[in-house]
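Model, not experiment: these values are computed from the prediction. So that the names make sense, note that chain A is the first sequence line, chain B the second, and so on, each numbered from 1. Every heavy atom of this structure was used, including side-chain atoms; hydrogens, water molecules and symmetry mates were not.
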Protein chains: 2
Amino acid sequence: MPPLTTTAHALLGLLAVQPWTSYELTKQMGRSLQHFWPRAESKLYEEPKKLVAQGLATATTRTVGRRTSTVYAITPAGRRALRRWTATPGAGPVLEFELLLQVFFGDHGTKADLLDNLDACAEWAAERTRTNIEVAREYATGTGPFPARTAQSTLVAAFLTRHWDAVADWAAWARGVVEQWPDDLSAATPPWEVIREVAARPLPPSPIGRIRSAEEA
Amino acid sequence: MPPLTTTAHALLGLLAVQPWTSYELTKQMGRSLQHFWPRAESKLYEEPKKLVAQGLATATTRTVGRRTSTVYAITPAGRRALRRWTATPGAGPVLEFELLLQVFFGDHGTKADLLDNLDACAEWAAERTRTNIEVAREYATGTGPFPARTAQSTLVAAFLTRHWDAVADWAAWARGVVEQWPDDLSAATPPWEVIREVAARPLPPSPIGRIRSAEEA
DNA sequence: CCTCCTTTACTCCCCTGGGGAGTATGGCGG
DNA sequence: CCGCCATACTCCCCAGGGGAGTAAAGGAGG
């Protein structure tokens, strides 16, 4: 009985809403959770089998013509496991950002490449923002999926919006800074005002002792 | 001759600054790059060997007493590979955020647990902000490491600051929202103003045709 | 001077997960 | 009725995570 992974709990969360086929689970993970818990499609087909093996979900086979599909449903034990999971503090955000790495080492390339990379960041953020606006309009007109879950969804959407705005704002700001730099990037002047602003902040109080940072859990 | 990974290029970037021992490379990755390119320590010992195999770096063994350490240095071919990499647009940000997942499925737990998870997010952000301020103060007083790289570092630090601020702001805001909710989370009222604000934004123009999103690259 | 703890300096290995390839059938548009 | 897209999966290679294990150097404290 190996301990359940976070992905298993995510699937339990979806199953707690309603039963789904494996295919629908992968679609759902791709649509709504991909932005903060991206997982490979093939693994999303494997995972629910483990839930069944642990008695946290049931699988029923449905047949259409000569094709079969598996419908998963959560069990009371599954709901208990889900509830237990929400009570155990999980990991904080983990970020992978190759374009930022390229900006960090941008002085080993050309100024034009650096600007291109910043533009790619801006375009990435614009793309997310575009679909974000479309989804928000659906919810605003009451045509969004799962209206009963709007409260939770909006809380999450509020974070993602801030996140994508942060990327967009930064990319636009950084472009303005880099445009002022000479072609020889080793002679670039740092935007000191950023350093000064952060240095001038008061240190937030550290919770001495009892608290450990979230990702240790 | 398999194509180089992003991690390999990150190490080339470090080696372009100065030669390092494997141990120093792992420390450096842990200190500066961990926030946007986290990698397992054991792999950071393996990776430079591949660079040497491809002729992008050289390894020299140094002996202190009866202990040996390997010093890696970049070659001209390594610098060319690094330059080529900065000219090929990389992937956009990829986020993993378990606490957000727990917030998303928070309606299957208690309100108290939901608030705890939001507090954990706030504490995570406060922790990052703390070390961020300390580092900024070093640079402000001119005592930061690698002053010649301050321009690039500041560009990256500006993004990370925005990112951590976004987490902190969101966690504080979400706490305020959830506090207003009843104990029965299924009766929670969504913060509609978020949806309205996003829905009211003009759609950013989509670059028809030529551009593909960053992460396809 | 001796001891012990921390830092330096790695190697090994199991297993999770990414991700592409492959295989079929159902349904629908033209 | 043909072809394409959506549905519904399985298989497998290999990159990478991460913990365990090993060992010597350096420094702090008695």
Side-chain angles (χ1 to χ4, degrees), chain A residues 1-11 14 19-31 33-34 36-54 59-72 90-91 94-96 98 101 215-217, chain B residues 1-11 14 19-31 33-34 36-54 59-72 90-91 94-96 98 101 215-217:
Chain A
M1 198 84 126
L4 288 178
T5 63
T6 300
T7 304
H9 285 108
L11 290 170
L14 288 175
W20 309 82
T21 66
S22 341
Y23 182 76
E24 289 167 333
L25 282 172
T26 65
K27 289 292 123 174
Q28 216 50 36
M29 288 286 285
R31 289 197 165 275
L33 306 187
Q34 135 201 245
F36 51 102
W37 201 255
R39 283 303 174 258
E41 198 204 353
S42 61
K43 299 296 149 182
L44 296 179
Y45 276 100
E46 290 171 17
E47 208 63 39
K49 298 180 182 174
K50 297 178 190 167
L51 294 179
V52 173
Q54 308 231 14
T60 43
T61 309
R62 191 185 19 165
T63 309
V64 177
R66 54 160 91 182
R67 267 249 300 268
T68 59
S69 59
T70 315
V71 181
Y72 293 97
V94 174
L95 187 71
E96 283 190 12
E98 186 181 13
L101 203 55
E215 72 272 38
E216 286 173 41
Chain B
M1 198 84 129
L4 287 178
T5 64
T6 300
T7 304
H9 286 107
L11 290 170
L14 288 176
W20 308 81
T21 68
S22 340
Y23 181 77
E24 288 167 335
L25 282 172
T26 65
K27 288 293 124 172
Q28 215 51 36
M29 289 285 285
R31 291 198 164 273
L33 306 187
Q34 134 200 247
F36 51 101
W37 202 254
R39 283 303 173 257
E41 197 205 353
S42 59
K43 299 297 149 182
L44 296 178
Y45 276 100
E46 289 172 19
E47 207 62 40
K49 297 178 183 175
K50 297 177 190 167
L51 294 179
V52 173
Q54 309 231 16
T60 43
T61 310
R62 190 180 27 158
T63 308
V64 177
R66 55 160 90 182
R67 264 248 302 269
T68 60
S69 60
T70 314
V71 181
Y72 293 97
V94 174
L95 186 71
E96 283 190 12
E98 187 180 14
L101 203 54
E215 73 270 39
E216 288 173 39

query: Which part of the nucleic acid, if any, lies within contact of B:Lys50, taking any heavy atom under 4.0 Å across all strands shown: a base, the sugar-phosphate backbone alone, or nothing?
result: nothing

- prompt: For B:Leu44 and C:dT8, what is the distance between atoms CG and C1' respectively, to the nearest whole Å?
  reply: 16 Å

task: Test A:Glu98 against B:Thr6 for side chain to side chain donor-acceptor pair (under 3.5 Å), laying out the working first.
output: CA-CA 7 Å; A:Glu98 186 181 13; B:Thr6 300; 2.9 Å; yes

message: What I want to find out is whether A:Arg39 reaches B:Glu96 closely enough, with some N-O distance under 4.0 Å, to be called a salt bridge.
response: yes

field: Value in whole Å for how far the P atom of C:dT16 lies from CD of A:Glu47
entry: 10 Å

message: With a 3.5 Å distance limit and no angle check, can you tell me whether B:Thr60 reaches the backbone of B:Val71 through a side-chain donor-acceptor pair?
response: yes

- request: Rounded to the nearest angstrom, tell me the gap between atom CG in A:Leu25 and atom P in D:dA6.
  value: 19 Å

- line: Against the side chain of B:Tyr45, the closest entry in D:dC9, C:dC10, D:dG18 is C:dC10

query: Does the pair A:Lys43/A:Glu46 count as a salt bridge with the N-to-O cut at 4.0 Å?
result: yes

statement: A:Arg31 CZ to D:dA6 C1', in whole Å, measures 13 Å

message: Please classify the nucleic acid contact of A:Thr26 as base, sugar-phosphate, or nothing, using heavy-atom distances under 4.0 Å.
response: nothing

message: Under 4.0 Å, heavy atoms only, any strand: does B:Pro38 hit a base, just the sugar-phosphate, or nothing?
response: sugar-phosphate

- prompt: Which is true for A:Thr70 with a 4.0 Å heavy-atom rule: it touches a base, it touches only sugar-phosphate, or it touches nothing?
  reply: sugar-phosphate

query: Does the side chain of A:Arg39 get closer than 4.0 angstrom to OP1 or OP2 of C:dG18 through an N or O atom?
result: yes

- prompt: With a non-hydrogen cut-off below 4.0 angstrom, is B:Lys49 in contact with a base, only sugar-phosphate, or nothing?
  reply: sugar-phosphate

message: From CD of B:Glu41 over to P of C:dC13, roughly how many Å is that when rounded to an integer?
response: 18 Å

- prompt: Rounded to the nearest Å, what distance is computed from the CD atom of residue A:Glu96 to the C1' atom of nucleotide D:dG17?
  reply: 11 Å

task: Nearest 0.5 Å please: distance from the CG atom of A:Leu51 over to the NE2 atom of A:His9.
output: 9.0 Å

- prompt: Hey, does the side chain of B:Arg67 come within less than 4.0 Å of D:dA23's phosphate (OP1/OP2), counting only N and O?
  reply: no

message: If I take atom CH2 in residue A:Trp20 and atom P in nucleotide D:dT7, what distance separates them, rounded to the nearest angstrom?
response: 13 Å

task: Without swapping roles, check the side chain of B:Trp20 against the backbone of B:Leu14 for a donor-acceptor pair under 3.5 Å.
output: yes

task: Give the nucleotide from the list C:dG17, D:dG16, D:dC9 with an atom nearest to the side chain of B:Thr5.
output: D:dG16

message: Given D:dG17, D:dC9, D:dA25, identify the nucleotide with an atom nearest to the side chain of B:Val64.
response: D:dA25

statement: Taking for A:Glu46 and for A:Gly65 the nucleotide of DNA chain C with the nearest heavy atom, the one nearer the 5' end belongs to A:Glu46

- prompt: When you match B:Arg62 and B:Lys43 each to their closest nucleotide on DNA chain C, which lands nearer the 5' end?
  reply: B:Arg62

task: Examine C:dT8: is either OP1 or OP2 under 4.0 Å from a nitrogen or oxygen in the side chain of B:Tyr23? Give yes or no.
output: yes

field: Gap between atoms CD and C1', on A:Gln34 and C:dG19 respectively (whole Å)
entry: 15 Å

- request: Tell me which nucleotide among D:dA25, C:dG18, C:dC10 gets nearest to the side chain of B:Arg66.
  value: D:dA25

task: Under 4.0 Å between any heavy atoms, over every strand shown, what does B:Thr21 touch: base, sugar-phosphate, or nothing? Just pick one.
output: sugar-phosphate

- prompt: To the side chain of B:Ser69, which of D:dC9, D:dC12, C:dA9 is closest?
  reply: C:dA9

- prompt: Of all the nucleotides listed (C:dG20, D:dC9, C:dC10), which has the minimum atom distance to the side chain of A:Ser42?
  reply: C:dG20

